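Just so it is clear, the model here is predicted, and its values are computed rather than measured.
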Amino acid sequence: MTLRQELAARGGWCHRSQLIEAGWSRERLLKARRLEGIPLLRRHWLLLPEMPPAFHEAARVGGVVTCVSAIAPHELWIPPGLVTDQAHIAVASHAADRSAAAVTHRSRPVVTRPTTALLDPLENVLAHIAVCLPAEEAFAVWESAVRSGLRPEYLRSLNWTSLRARQLAASVTTLSDSGVESTFVWRCRRAGISVVQQVRIAGHRVDALIGRRLVVQLDGFAFHSDAVQRRRDIRHDRELTALGYTVLRFDYHDVMHDWPSVERAIRRAIALGQAG
């Protein structure tokens, strides 16, 4: 296996000590680095040249990639329009190095950072996102972390370093299937509209129930790519209507880019008594 292949298998970067433990001799590493054009940063870090700049900057200053720069590597929900052109790097509070090319975070980590990692643990990433992003976007990102496996109970047990993080930990649930649903619920709450998620009606769960009779269904960004699912959704809508429910269906664009129209439609239905 070449050094490039080894790094690719490890996510594109690796601490030098880990490669030595895996059987790479210092001489072989030196030869492979020179032959394959792999940089060695801060005498410890080997990275593929094509890795995102945030990883190279983190290795250069002795930090880890965190906050919005870590959203994609952790496979979390990416808020539409999120700007990530400047790297976000977490360093120890006593670190002397500063990066003019990055936003530097120095707050106490929620969980200990491994010395052989360039990517901040997810809990620390969420702590930074809580104070860096608007509350609505942070909520959607946090709920995507719940979908990735972090239990709400676990999040609520951690010693968060900010009020915003504690509030988010108290409010996230496992009920949203996507960032669109998280955003919908957050905006309804802010508008004073009470929403209950994932109620089973007519054999299937609905995305949201307002009052006793107003159902809201949310189509994801790529809902139209699955014709079978689309027909199933329409059939369920008919069943709900036959049972006396009013069904409002919104898609990704409606929720993320035309919220005023969504809120007006919901308030109109409530005013007409359709929530029951």
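Listed by first and then second residue, the salt bridge (Lys or Arg N to Asp or Glu O under 4.0 Å) pairs involving residues 150-161 are R151-E153 (not counting sequence neighbours).
The aromatic ring centres of W160 and W142 sit less than 6.0 Å apart. With ring centers used as reference points, H88 lies 6.0 Å or more from H128.
Scored by the ring pair (Phe, Tyr, Trp, His ring centres under 6.0 Å) test, W24 finds no partners at all (sequence neighbours excluded). Not a single ring pair (Phe, Tyr, Trp, His ring centres under 6.0 Å) links W77 to another residue, sequence neighbours left out. Every residue was checked against the salt bridge (Lys or Arg N to Asp or Glu O under 4.0 Å) condition with D254, not counting sequence neighbours, and none meets it. Residues satisfying the side chain to side chain contact (heavy atoms under 4.5 Å, CB included) criterion with A70, sequence neighbours excluded, are V65, H74, L119, V125.
E36 contributes a side-chain N or O that, together with a main-chain N or O of L3, makes up a donor-acceptor pair within less than 3.5 Å.
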Inset, instruction - Let me see the working for E263 and R187 under salt bridge (charged side-chain N to carboxylate O under 4.0 Å, His left out), right down to the final yes or no. - result: CA-CA 9 Å; E263 185 174 335; R187 291 181 176 179; over 6 Å; no
Inset, instruction - In sequence, state the C-alpha distance, the side-chain angles, and the governing distance for R4 and E50, and then conclude on salt bridge (charged side-chain N to carboxylate O under 4.0 Å, His left out). - result: CA-CA 11 Å; R4 172 173 284 275; E50 61 267 25; 2.7 Å; yes
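Of the options L7, L118, I38, a side chain to side chain contact (heavy atoms under 4.5 Å, CB included) to L47 is made by L118 and by none of the others.
Hydrophobic cluster of I234: no remaining members, since no ILVMFWY side chain lies below 4.5 Å from it.
Ring-plane geometry between W186 and F139 is classed as tilted, the angle between the planes lying from 30 to 60 degrees on a 0 to 90 degree scale.
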